[in-house]
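I have placed the structure first, in the form of structure tokens, so that the comments after it can refer back to it.
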Amino acid sequence: MDDFLIFAKLLDGNGGARDVSAEEIAQWQPAQGLLWLHFDYSKAGTLQWLQEHSGLDDIAIAALVAEDTRPRATSHAGGLLMALRGVNMNPEADPEDMVSIRLCVDQHRIISSRKRRLLSVDDIVESFAEGEGPQNSADFVAILCDRLVRRMAGPIDTAEDKVDELEEMLLGSARAKLRSELGQVRRQSIALRRYLAPQREALSWVQSERLPWFGDVQRLQVREVSDRLAQYIETLDSIRERAAVSQEELVNQISEESNSRMYVLSIVSAIFLPLG
């Protein structure tokens with residue numbers, strides 16, 4: 001296949017997987033094991049292959065190649081259609097510029113697509129080498145959700161530490177560029193929360209939907225991930241509010257200093273300017 005297929009894996013059901021060729025994909029049967037196909041949806045060949053060889057309907061294909069989508073999850077033809085987001089941990093990238101992945105998952109096959117590299121997917125691929133990867137479709141969904149949310153901890157902790165630092169600067173005298181840095185923290189927290197809130201709703205839907213191939217163990221795992229995500233959302237809300245309060249305090253301090261200077265200037269002017 002061309003470069004539109006990033007990789008194809010055949011899971012062995014015991015935490016391992018092997019690469020499969022285009023010929024094996026064409027001849028694959030569910031009895032052989034769980035097939036995972038990972039595409040780059042920005043490549044022209046992806047849409048053509050999905051239309052000609054995937055056996056998916058137009059709704060599923062459109063979901064896999066959509067250019068921009070908010071996190072969501074829904075049942076479709078006995079499986080799951082999902083769009084999830086993870087923080088952008090690629091070099092020289094802003095974490096709030098979140099990377100998306102689209103999924104069409106059923107009991108026997110996983111088809112995923114992305115445009116930019118997602119390290120959470122790399123984590124799963126690496127886990128196969130240790131024999132600790134997902135054993136079935138439900139495991140895959142639960143583990144991917146966990147990896148996506150787990151990687152959000154670093155940028156959120158960094159933003160919280162930054163607010164602490166800026167608040168300390170506000171109380172002191174080091175206020176150079178403080179206003180722009182507070183604005184940047186607010187912008188980052190707003191951008192992250194924009195996708196985390198609907199992603200939490202998607203995870204809540206997954207754990208409540210009674211799909212026959214999605215077991216209770218995986219539902220419990222997704223619920224734990226959803227709870228952790230809710231904590232991150234609360235932290236982002238706190239960061240945004242603290243940054244807003246700090247900005248208001250900074251504006252008040254600057255206003256008071258300006259008023260004091262104007263008062264002194266008015267006195268000096270009254271004394272030294274000629275009466276005429």
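Every value quoted in this text rests on a predicted model; they were computed, and no experiment measured them. Hydrogens, waters and symmetry mates play no part in the numbers below; they use all other heavy atoms, side chains included.
- Put simply, the side chain of Gln231 never gets that close to the backbone of Arg228: no donor and acceptor are under 3.5 Å apart.
- The CD atom of Glu67 sits 8.5 Å away from atom OG of Ser100, with the distance rounded to the nearest 0.5 Å.
- Arg85 contributes a side-chain N or O that, together with a main-chain N or O of Met98, makes up a donor-acceptor pair within less than 3.5 Å.
- Residues His76 and Ile59 have side chains in contact (heavy-atom distance under 4.5 Å, counting atoms from C-beta outward).
- No hydrogens or angles considered: nothing links the side chains of Trp205 and Thr74 as a donor-acceptor pair under 3.5 Å.
- By the 6.0 Å and 45° rule, Arg102 stacks over the aromatic ring of Tyr41.
- Between the side chain of Ser226 and the backbone N or O of Val222 there is no donor-acceptor pair closer than 3.5 Å.
- Taking the side chain as every heavy atom from C-beta outward, Arg150 and Val225 never approach each other to under 4.5 Å.
- Nearest heavy-atom pair, Ile156 versus Ile239, reported as atom, atom and distance to 0.1 Å: O-CD1, 3.9 Å.
- Taken from OG in Ser54 to CD1 in Ile61, the straight-line distance is 4.5 Å, to the nearest 0.5 Å.
- Separation of atoms CD1 (Ile143) and CG (Asp146) is listed at 8.0 Å; rounding is to 0.5 Å.
- In this structure, Thr46 OG1 and Leu5 CG are separated by 8.0 Å, a value rounded to the nearest 0.5 Å.
- Ile233 is listed as a side-chain neighbour of Arg200, based on a closest heavy-atom distance under 4.5 Å.
- A salt bridge links Lys162 to Glu181: at least one charged side-chain nitrogen sits closer than 4.0 Å to a carboxylate oxygen.
- Note on Asp122 versus Arg147: no salt bridge recorded, every NZ/NE/NH1/NH2 to OD/OE distance being 4.0 Å or above.
- With a 6.0 Å radius and a threshold of 12 heavy atoms from other residues, nucleotides or ligands, Glu52 has its CD atom above the threshold.
- In this structure the side chain of Arg194 never reaches within 4.5 angstrom of the side chain of Gln199, judged on heavy atoms.
- For the pair Leu50/Phe4, no side-chain contact is recorded, criterion being any heavy-atom separation below 4.5 Å from C-beta on.
- Following chains of ILVMFWY side-chain contacts shorter than 4.5 Å, one can reach Phe7 starting from Leu11, so the two form part of one hydrophobic cluster.
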Could you give me the CA-CA distance, side-chain angles and deciding distance for Glu201 and Arg72, then say whether salt bridge (charged side-chain N to carboxylate O under 4.0 Å, His left out) is met? CA-CA 7 Å; Glu201 295 176 4; Arg72 66 185 184 94; over 6 Å; no

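- The backbone N or O of Ser42 lies less than 3.5 Å from a partner atom in the side chain of Asp40, making a donor-acceptor pair.
- The two residues Asp12 and Ala17 make their nearest non-hydrogen contact at OD2-N, 4.2 Å.
- Between the side chain of Glu126 and the backbone N or O of Asp123 there is no donor-acceptor pair closer than 3.5 Å.
- Counting heavy atoms from C-beta outward, Leu81 and Leu103 have side chains that stay 4.5 Å or more apart.
- By the 4.5 Å heavy-atom criterion applied to side chains, Ile111 and Leu64 are counted as neighbours.
- Closest approach of Leu220 and Arg223 over heavy atoms only: CD1-NH2, 3.0 Å.
- The aromatic rings of Phe39 and Trp49 sit tilted relative to each other, their planes meeting at an angle between 30° and 60°.
- Nearest approach of Val105 to Ser137, heavy atoms of both residues: CG1-CB, 3.7 Å.
- Interatomic distance, CG of Asp19 versus CD of Glu24, reported as 9.5 Å (0.5 Å rounding).
- Of all heavy-atom pairs between Arg116 and Asn88, the closest is NH1-ND2, 3.4 Å.
- At least one donor-acceptor pair under 3.5 Å links the side chain of Trp213 to the backbone N or O of Gly78.
- Between the side chains of Asp139 and Gln218, at least one donor N or O sits under 3.5 Å from an acceptor N or O.
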Please report the C-alpha distance between Ser246 and Leu166 in whole Å, then the side-chain angles of each, then the deciding distance to 0.1 Å, and finally whether the side-chain contact (heavy atoms from CB on, under 4.5 Å) criterion is met. CA-CA 8 Å; Ser246 297; Leu166 294 175; over 6 Å; no

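- Smallest separation of non-hydrogen atoms from His38 and Ser113: ND1-N, 4.2 Å.
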Give the C-alpha distance, both sets of side-chain angles, the deciding distance and a yes or no for salt bridge (charged side-chain N to carboxylate O under 4.0 Å, His left out) between Asp216 and Arg210. CA-CA 9 Å; Asp216 293 335; Arg210 308 303 294 183; 3.7 Å; yes

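- By the 4.5 Å heavy-atom criterion applied to side chains, Leu56 and Gln51 are not counted as neighbours.
- A donor-acceptor pair under 3.5 Å links the side-chain atoms of Ser189 to the main chain of Val185, judged by distance alone.
- For the atom pair NZ (Lys9) and CG (Leu37), the distance works out to 12.0 Å, reported to the nearest 0.5 Å.
- Heavy-atom neighbours of Asp58 CG from other residues, nucleotides or ligands within 6.0 Å: at or below the threshold of 12.
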side-chain contact (heavy atoms from CB on, under 4.5 Å) evaluation trace for Tyr195 with Val87: CA-CA 10 Å; Tyr195 293 110; Val87 293; over 6 Å; no

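- Distance alone, capped at 3.5 Å, is enough to place a donor-acceptor pair between the Trp28 side chain and the Gly33 backbone.
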Between Arg193 and Glu234, is a salt bridge (charged side-chain N to carboxylate O under 4.0 Å, His left out) present by the stated rule, with each step listed? CA-CA 9 Å; Arg193 196 191 189 286; Glu234 292 172 359; over 6 Å; no

Evaluate Leu10 against Leu34 for side-chain contact (heavy atoms from CB on, under 4.5 Å), listing each step before the verdict. CA-CA 6 Å; Leu10 188 65; Leu34 178 63; 6.0 Å; no

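- Ionic pairing of Glu224 and Arg219 is not present here: no N-O contact between side-chain nitrogen and carboxylate oxygen is shorter than 4.0 angstrom.
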Taking it one step at a time, do Phe128 and Ile124 satisfy side-chain contact (heavy atoms from CB on, under 4.5 Å)? CA-CA 7 Å; Phe128 288 133; Ile124 296 178; 4.1 Å; yes

